[in-house]
*Asks:* 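Structure incoming, see below.
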Protein chains: 2
Amino acid sequence: MIIRIDLESDTPIYNQLTNQIMEGIATGELKPGQALPSVRALASDLGINLHTVNKAYSILKDSGFVQIHRQKGAVVQAGGMPPADLAFEERLERELRPMAAEAVGRGMTEERWLALCRQAFEQLHARREGGTI
Amino acid sequence: MIIRIDLESDTPIYNQLTNQIMEGIATGELKPGQALPSVRALASDLGINLHTVNKAYSILKDSGFVQIHRQKGAVVQAGGMPPADLAFEERLERELRPMAAEAVGRGMTEERWLALCRQAFEQLHARREGGTI
DNA sequence: TTTCTGTTATACTCGTAATATAACAGAGTT
DNA sequence: AACTCTGTTATATTACGAGTATAACAGAAA
């Protein structure tokens, strides 16, 4: 799996990392049980600091997307992804609201809005079967 | 229009402000041509600093949602909301992707995902006709 | 013992958020 | 002309988070 870090972006590096790894899990590029690179390896590979990678891994661990085996490293949660519970739906709702507001303000039609939402969802299902991390 | 600032939130105050004003415009609570409170008045009303409000207004101005009349204050853009152009759709897409990824990762169905997206959009249309700011 | 793993601690730089004053320029009112 | 409102600009300060840099620790495997 190819990970790209944009140092010019205003979204923090550790967020870019967690997002891309979550995407990898969602698309199936990262299989359950698969081991992620060690914090030191990935950090030196991306040219960033060990702690930045560690922060991303910790978030993924707290979110239930990976398990941490002390010496085997971080592995993708095998069997039992964290469910989309009420708390998650509420967070989703809270994040969607301002986006929808701006879309309405700009006169976007509901059809177009839903088309973009559907596209974002289906693109993850689409690109199944990938390479190695 | 009632504006609520959460000082505990991790989203900056000026972002909370711009979001809520955009929502007000989207719902129609804030009518085109309507004047917003002066930066000083709103700041003292919310118990925050003048510059924080000013930053929010500047973002709204740069986004094309309000016009600034030097002494009349900031007024909601009358006639000609900024269109949902390609740049906006790309930004929307970029923001939707990580949210969709987490939803897929958590096993949310596409139906549920779209239902939440539709709900976020329609809630803005729903609460039309409001009070004064 | 050596080497890998995550983990923890400390310290530093840098940029942004937020605040606090202060002053300026333009337009309206008195 | 004086006053008062508006946004705007400038400067300084505090606080916090992001990111980096070292260093060290504990457990497991070779």
Side-chain angles (χ1 to χ4, degrees), chain A residues 3-22 30 33-78 98 132-133, chain B residues 3-22 30 33-78 98 132-133:
Chain A
I3 292 183
R4 263 180 222 303
I5 298 300
D6 180 9
L7 297 175
E8 311 299 318
S9 169
D10 55 346
T11 69
I13 298 178
Y14 70 87
N15 269 335
Q16 298 182 39
L17 251 180
T18 53
N19 285 341
Q20 291 186 41
I21 292 175
M22 275 189 190
L30 299 177
Q34 179 174 347
L36 271 53
S38 75
V39 289
R40 288 176 176 82
L42 186 51
S44 102
D45 187 33
L46 296 175
I48 60 178
N49 191 274
L50 164 162
H51 293 99
T52 307
V53 177
N54 193 50
K55 187 164 184 177
Y57 280 12
S58 293
I59 291 175
L60 289 169
K61 181 190 66 179
D62 294 342
S63 305
F65 281 88
V66 305
Q67 273 184 338
I68 306 271
H69 284 79
R70 201 160 176 109
Q71 270 62 33
K72 299 135 203 166
V75 301
V76 177
Q77 186 72 264
T132 69
I133 188 162
Chain B
I3 291 183
R4 263 180 221 303
I5 297 299
D6 180 8
L7 297 176
E8 311 300 316
S9 170
D10 55 345
T11 69
I13 298 178
Y14 71 88
N15 268 336
Q16 297 183 40
L17 250 181
T18 53
N19 285 342
Q20 291 186 42
I21 292 176
M22 275 190 190
L30 299 177
Q34 179 174 349
L36 270 52
S38 74
V39 290
R40 286 176 178 82
L42 187 51
S44 101
D45 187 33
L46 297 175
I48 61 178
N49 191 275
L50 164 162
H51 292 100
T52 307
V53 177
N54 194 49
K55 186 163 185 177
Y57 279 12
S58 293
I59 291 175
L60 289 168
K61 181 189 67 179
D62 293 343
S63 305
F65 281 88
V66 304
Q67 273 184 338
I68 306 270
H69 285 79
R70 195 149 182 122
Q71 269 65 32
K72 300 134 202 164
V75 302
V76 178
Q77 186 71 264
T132 69
I133 188 164

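Naming: A, B, ... by sequence-line order, numbering from 1 per chain. Just the heavy atoms: all of them, side chains too, but no hydrogens, waters or symmetry mates, feed the values below.
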*Asks:* So which nucleotide from D/dT8, C/dA18, D/dA24 ends up closest to the side chain of B/V39?
*Replies:* D/dT8
*Asks:* Of B/V66, B/V75, B/I21, which is the lone residue that meets side chain to side chain contact (heavy atoms under 4.5 Å, CB included) with B/L30?
*Replies:* B/I21
*Asks:* Has the side chain of B/D45 got a donor or acceptor atom that lies under 3.5 Å from a matching backbone atom of B/A41?
*Replies:* no
*Asks:* In whole Å, what is the span from the CD atom of A/Q16 to the P atom of D/dG19?
*Replies:* 8 Å
*Asks:* Any chance you could measure B/R40, atom CZ, to B/L42, atom CG, to the nearest 0.5 Å?
*Replies:* 13.0 Å
*Asks:* Give, for atom OG1 of B/T11 and atom CG of B/D6, the distance between the pair rounded to the nearest 0.5 Å.
*Replies:* 7.5 Å
*Asks:* Between the base of C/dT7 and the side chain of A/H51, is there a donor and acceptor pair under 3.5 angstrom?
*Replies:* no
*Asks:* Nearest to the side chain of B/I68 - D/dG19, C/dA18, D/dG7?
*Replies:* D/dG7
*Asks:* Output the rounded distance in Å from OH (A/Y57) to P (C/dT7).
*Replies:* 11 Å
*Asks:* Report yes if at least one side-chain N or O of A/Y14 is closer than 4.0 Å to OP1 or OP2 of D/dA18; otherwise report no.
*Replies:* yes
*Asks:* Does C/dT5 have OP1 or OP2 under 4.0 Å away from a side-chain N or O of A/S38?
*Replies:* yes
*Asks:* NE2 of B/H69 versus P of C/dA27: gap in Å, rounded?
*Replies:* 12 Å
*Asks:* What integer distance in Å separates A/I59:CD1 from D/dG17:C1'?
*Replies:* 13 Å
*Asks:* Check the phosphate of C/dA17 against B/K55, side-chain N and O only, distance under 4.0 Å to OP1 or OP2. Yes or no?
*Replies:* yes
*Asks:* Is the phosphate of D/dA18, meaning OP1 or OP2, less than 4.0 Å from a side-chain N or O of A/T52?
*Replies:* no
*Asks:* What nucleotide among D/dT20, C/dT19, D/dT8 has an atom nearest to a side-chain atom of B/K61?
*Replies:* D/dT8
*Asks:* How close do A/A56 and A/Y14 get, counting heavy atoms only, and between which atoms?
*Replies:* CB-O, 3.7 Å
*Asks:* What is the separation between atom CG on A/N54 and atom C1' on D/dT22, rounded to the nearest whole Å?
*Replies:* 15 Å
*Asks:* Could you tell me how far apart B/L7 (CG) and D/dC16 (P) are, to the nearest whole angstrom?
*Replies:* 13 Å
*Asks:* Between D/dA21, D/dG7, C/dT5, which one does the side chain of A/N49 approach most closely?
*Replies:* D/dA21
*Asks:* In this structure, how many angstroms lie between the C1' atom of D/dT8 and the CG atom of B/D62, rounded?
*Replies:* 14 Å
*Asks:* With a 3.5 Å cut-off and just heavy-atom distances, do the side chain of B/R40 and the base of D/dT4 make a donor-acceptor pair?
*Replies:* no
*Asks:* Nearest whole Å is fine: how far is C/dG6 C1' from A/L42 CG?
*Replies:* 14 Å
